[in-house]
Amino acid sequence: MAIRPDLIKAKGEASFPSMPRFEIVADPERYFPSGVNGDPTQATHTKGKEINEYVIEQLTKLMDELKG
């Protein structure tokens, strides 16, 4: 919503699939048949923007640490 609002067609439906111990799996379609994990109806442009800003901030910190 924050990056490409033009791609939003609907709010979607909640989906809480059973997950294996690790969330990185070789066959995600098995665990996310709808492509959703959670409740997309709670998504907002503002939440997406805040998450994006947080991720950018954390990646910037990591890059600064790696530069030494």
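Residues meeting the side chain to side chain contact (heavy atoms under 4.5 Å, CB included) test with Arg21, sequence neighbours left out: none. In this structure Lys67 satisfies the side chain to side chain contact (heavy atoms under 4.5 Å, CB included) test together with Asp64, sequence neighbours excluded. By the side-chain hydrogen bond (donor to acceptor under 3.5 Å, both in side chains) test, Arg30 pairs with no residue at all, sequence neighbours left out. By the side chain to side chain contact (heavy atoms under 4.5 Å, CB included) test, Glu29 is found to be paired with Asp27, residues two or more places apart in sequence or in another chain being considered.
Crowding of Leu66 atom CG: a count of heavy atoms from other residues, nucleotides or ligands under 6.0 Å exceeding 12.
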Return all side-chain donor-acceptor pairs below 3.5 angstrom for residues 45-63, not counting sequence neighbours, or 'none' if the list is empty.
| from | atom 1 | to | atom 2 | distance (Å) |
| --- | --- | --- | --- | --- |
| Lys47 | NZ | Gln42 | O | 2.8 |
| Asn52 | ND2 | Gly48 | O | 3.3 |
| Thr60 | OG1 | Ile56 | O | 2.8 |

For residues 9-16, dump all side-chain donor-acceptor pairs below 3.5 Å to protein atoms at least two apart in sequence or in another chain.
| from | atom 1 | to | atom 2 | distance (Å) |
| --- | --- | --- | --- | --- |
| Lys11 | NZ | Thr41 | O | 3.3 |
| Lys11 | NZ | Ala43 | O | 2.8 |

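As a member of the Ile/Leu/Val/Met/Phe/Trp/Tyr network built from side-chain separations under 4.5 Å, Ile8 groups with Met1. Applying the 4.5 Å side-chain rule to ILVMFWY residues, one finds that Leu7 remains a lone member of its cluster.
When every heavy atom of Tyr31 is checked against every heavy atom of Pro17, the shortest pair comes out as O-CB, 2.8 Å.
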